[in-house]
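Structure first, then comments.
Letters A, B, ... are given to chains in the order of the sequence lines, protein chains preceding strands, and every chain is numbered from 1. Only heavy atoms go into these numbers, but all of them, side chains included; no hydrogens, no water, no symmetry mates.
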Protein chains: 4
Amino acid sequence: MVKKPTPDASRRSEKSRRAIYEAALALVAENGYPRTTIEGIAARAGVGKQTIYRWWTSKADVLLDAFLDLAEQGARQSGEEPGEAAEVHGGIPDTGDLAADLKAVLRATVDGLLDPKFEAPSRALAAEGLVNEQLSRELVARLLEPQLQLYVHRLRSAQESGAVRPDIDPRIALELFVSPVAQRWLQHTGPLTYAYTDTLVDYALYGLAPR
Amino acid sequence: MVKKPTPDASRRSEKSRRAIYEAALALVAENGYPRTTIEGIAARAGVGKQTIYRWWTSKADVLLDAFLDLAEQGARQSGEEPGEAAEVHGGIPDTGDLAADLKAVLRATVDGLLDPKFEAPSRALAAEGLVNEQLSRELVARLLEPQLQLYVHRLRSAQESGAVRPDIDPRIALELFVSPVAQRWLQHTGPLTYAYTDTLVDYALYGLAPR
Amino acid sequence: MVKKPTPDASRRSEKSRRAIYEAALALVAENGYPRTTIEGIAARAGVGKQTIYRWWTSKADVLLDAFLDLAEQGARQSGEEPGEAAEVHGGIPDTGDLAADLKAVLRATVDGLLDPKFEAPSRALAAEGLVNEQLSRELVARLLEPQLQLYVHRLRSAQESGAVRPDIDPRIALELFVSPVAQRWLQHTGPLTYAYTDTLVDYALYGLAPR
Amino acid sequence: MVKKPTPDASRRSEKSRRAIYEAALALVAENGYPRTTIEGIAARAGVGKQTIYRWWTSKADVLLDAFLDLAEQGARQSGEEPGEAAEVHGGIPDTGDLAADLKAVLRATVDGLLDPKFEAPSRALAAEGLVNEQLSRELVARLLEPQLQLYVHRLRSAQESGAVRPDIDPRIALELFVSPVAQRWLQHTGPLTYAYTDTLVDYALYGLAPR
DNA sequence: TACTAAGCGAGACGGTACGTCATGTCTTGAT
DNA sequence: ATCAAGACATGACGTACCGTCTCGCTTAGTA
């Protein structure tokens, strides 16, 4: 969401902005990211190309904002009517049973990753990020890291309650179960099932070596 | 490496093929994947565009073959003059000390991932794979999975020697230390250092919970 | 000058149009029609290819407009500074001596046909017209027929003054001296000299048969 | 029919040559000259491209030979079974009535020009000739001029019998009725009817001026 | 209330690359 | 040794988008 220097944001057309987000997400979902074009987004949104170029620097930039907007809407909804998605957006439950809590959250994460509404744009952003480090940093800072910090909190709480060794670095530890899920999703290196994520938590918490 | 239907492969020009691989890799390294064009590859290779379109279906397809060729060359070399890269291409050492062996391999992997000669094309392929599932499957089957199977072998050997619990699934276990490295590399979620990979191995082998 | 359906002609760039005409005429004159390409015209005119494809349907179509424009300029000039080309563009003199008048006009026509500035593009258009009837009709209607009507007028005036029999159809009669010139020019069936055109007029006016 | 220097004509495949002629004429008739390609001719004739390039220099060159071959066949046939086309290929009748003879021949010429089997290739050749002077000379020398010489003979005979003034140049005179037909055919400047050609002969023979 | 300056839809523009087609040359196998 | 087959380097084709640049037209906020 890098902004161009001059334009006067206060005069900005809210209607166009929303139309652009919707068009961008719809086109990516329908045709895939590479076949989505700025001209196509403008046409679908009923908007001049310049209106896009005025506020964003690239296709990825538009999509990033569109996706953040989508995520925000999701968060707002799950705030209003707290339900199954609560863990994803709202935090990680702390029932005292660390393994159970982590399994629950990972299951919800898997559901989110496979939700078709999110999958196309998030893959697209991730792909762009691979090759465009600046976008990647933006993505990580605004979407990924906030999620990961929730795990950090939960693990610290577990350390306090003695369920996790105190010398463990939570920021690294969380990757033991989060990264495998991420990689399977990103690279199709294996199926994403509940059984799989449960196993990950078990292995990570108790280790591979005989106790 | 999806082949177009008809052309007669026996008449194929070996010289052109090699020139195309070199041009593709060089251009991706110099300008990045998105700014590498098929026209550019053809021009740099001194080859007609049609010669590319005859044998490959897309830019990604060319780059995949080029990269596989590069990997093969690497493998052939490390077979001939066994050296530092031996673990990456040739297998995982089995000194009896599982932790030490895994740490050594992961360090070598990090070196490989950060080698500028490999980084640009592999990021490019990974990015394309994110969005193009067919390519992704190809990549995983021909590059990634063979690597991962080496870990499977080593872990099985550790199970036999009692260093790893017999009920552990090695194919899943290996992701505990491989996937975090992959994700940090793919998504820039954190630095890739030896200290980090060593820690990963320690956490994974002995778990997070107090023993 | 067949127009593509939609584009908004009021926004059209006059500068580009003129540059395209000049480039087209220059390239045809320099390299000949078949070796003139749309890409070449665009490059020479400093114009995007699309700007040509937006307003014309084919190379021949461009050249037709360019040529008409050239003819118009010629006409405008000869209107302003009436000189030798007056007969070609501006009408046929009527001195009362039909034979002399026709001979003068035919001589001027020959000069025009052999003018290198006109020859290449008009041959090119004529050639294209041979094989592309639609273009041919356009050519005849917009360039040739207006010229021929001048002869019709002059011959009618001659009929009024009694120099030509009243039962003669002027539209056919004019072909007796115009078509031979055209054919010699088109097909190189013989030299185009003043002596030749004078002879044609004599033969045509007084007939071949003994009187 | 410009020949490439070296190849040994005695080894030439007659079958291929004929197949190429047929393919060339058929394709020009079906798709028009510009959309006829050498590759297409080769494919249709079941012949390698090289076999064409070995014996001819260009598409026009092939077509010229094909057309001459066609004309020869026609001539041979009309020699064997003398019929309506006799005048076109075999000469001009000399019944003593010059006007009648010329009208008959011109009518036959019109029939020939409008015969669909001949029209496409001859237009194509004429078009190519417009822009390719070398081909044009070939065409005129081998096809057109021999035809015109028949008129020269007939007009000379008429001069001997006193039907045409002795000071007339027959080579020029013939153009008075032949060229208008040629131009109408070449440039679509008017309809080609028997009435028209008859009128041409009348005008040309008796002149336009009152007697 | 009118003026003015922005954002806006529209889309022409100079470009780049696309993927296809045909050119004319060259090589290979078979007949 | 000639032919068919067709791979090759070349280069133009016509199309799709790029990102920039006018155009008139709302549409505020200021005069």
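A cation-pi arrangement is present between B:Arg12 and B:Trp55 under the rule of less than 6.0 angstrom and at most 45 degrees off the ring axis.
Side-chain N/O atoms of B:Arg12 include none lying less than 4.0 angstrom from OP1 or OP2 on F:dC8. At the phosphate of F:dC23, neither OP1 nor OP2 sits under 4.0 Å from any side-chain N or O atom of C:Ser10. Proximity of C:Thr51 to the phosphate of E:dG15: no side-chain N or O atom is located under 4.0 Å from OP1 or OP2. Residue B:Arg11 places no side-chain N or O under 4.0 Å from the OP1 or OP2 atom of F:dC8. In this structure, C:Ser16 does not reach the E:dA12 phosphate: none of its side-chain N or O atoms is under 4.0 Å from OP1 or OP2. When the side-chain nitrogen and oxygen atoms of B:Trp55 are compared with OP1 and OP2 of F:dC8, one or more of them lie within a distance under 4.0 Å.
Across the protein-nucleic acid pair, A:Asp8 atom CG and F:dT30 atom P stand 11 Å apart, rounded to whole Å. One can place CH2 of A:Trp56 at 13 Å from C1' of E:dG7, the figure rounded to the nearest angstrom. Taking atom CD1 of B:Ile52 as the reference point, atom C1' of F:dG11 lies 15 Å away to the nearest angstrom. Look at CG on D:Asp61: it is 11 Å from P on E:dG24, rounded to the nearest Å. In this structure, C:Asn31 places its CG atom 14 Å from P of F:dG11, rounding to the nearest Å. Separating the CG atom of B:Leu27 from the C1' atom of E:dA17 is a distance of 14 Å, rounded to the nearest angstrom. A straight line from CD1 of D:Ile41 to C1' of F:dA4 spans 16 Å, rounded to a whole angstrom. Going from atom CD of A:Glu14 over to atom C1' of E:dC8 covers 15 Å, rounded to whole Å.
Look at B:Arg18 and B:Asp69 and you find a salt bridge, because one of the NZ, NE, NH1 or NH2 atoms lies within 4.0 Å of a carboxylate O, short of that distance.
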Using a cutoff of under 3.5 Å, can you pull out all pairs of nitrogen or oxygen atoms linking the protein to nucleotides 16-19 of chain F, with atom names and distances?
unit_1: F:dC18; atom_1: OP1; unit_2: A:Ile38; atom_2: N; d: 3.1
unit_1: F:dC18; atom_1: OP2; unit_2: A:Ile38; atom_2: N; d: 3.3
unit_1: F:dC18; atom_1: OP2; unit_2: A:Glu39; atom_2: N; d: 3.0
unit_1: F:dG19; atom_1: OP2; unit_2: A:Tyr53; atom_2: OH; d: 2.7
unit_1: F:dG19; atom_1: N7; unit_2: A:Lys49; atom_2: NZ; d: 3.2
unit_1: F:dG19; atom_1: O6; unit_2: A:Lys49; atom_2: NZ; d: 2.5

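The side-chain contact (heavy atoms from CB on, under 4.5 Å) test applied to C:Leu27 returns C:Glu30, C:Asn31, C:Thr36, C:Ile41, C:Arg44, not counting sequence neighbours.
Between B:Ala9 and D:Gly48, the residue anchored closer to the 5' end of DNA chain F is D:Gly48, taking for each the nucleotide with the nearest heavy atom. In terms of position on DNA chain E, the residue among C:Ser13 and A:Ala42 whose nearest nucleotide sits closer to the 5' end is A:Ala42.
Across D:Ala120 and D:Ala29, no two heavy atoms sit closer than the pair CB-CA, 4.0 Å.
Using a 4.5 Å cut-off on side-chain heavy atoms (C-beta onward), D:Leu130 and D:Ser136 make no contact.
Here the NZ-OG1 distance, from C:Lys49 to C:Thr51, works out to 12.0 Å after rounding to the nearest 0.5 Å. Distance check: D:Ile20 CD1 to D:Leu25 CG gives 12.0 Å after rounding to the nearest 0.5 Å.
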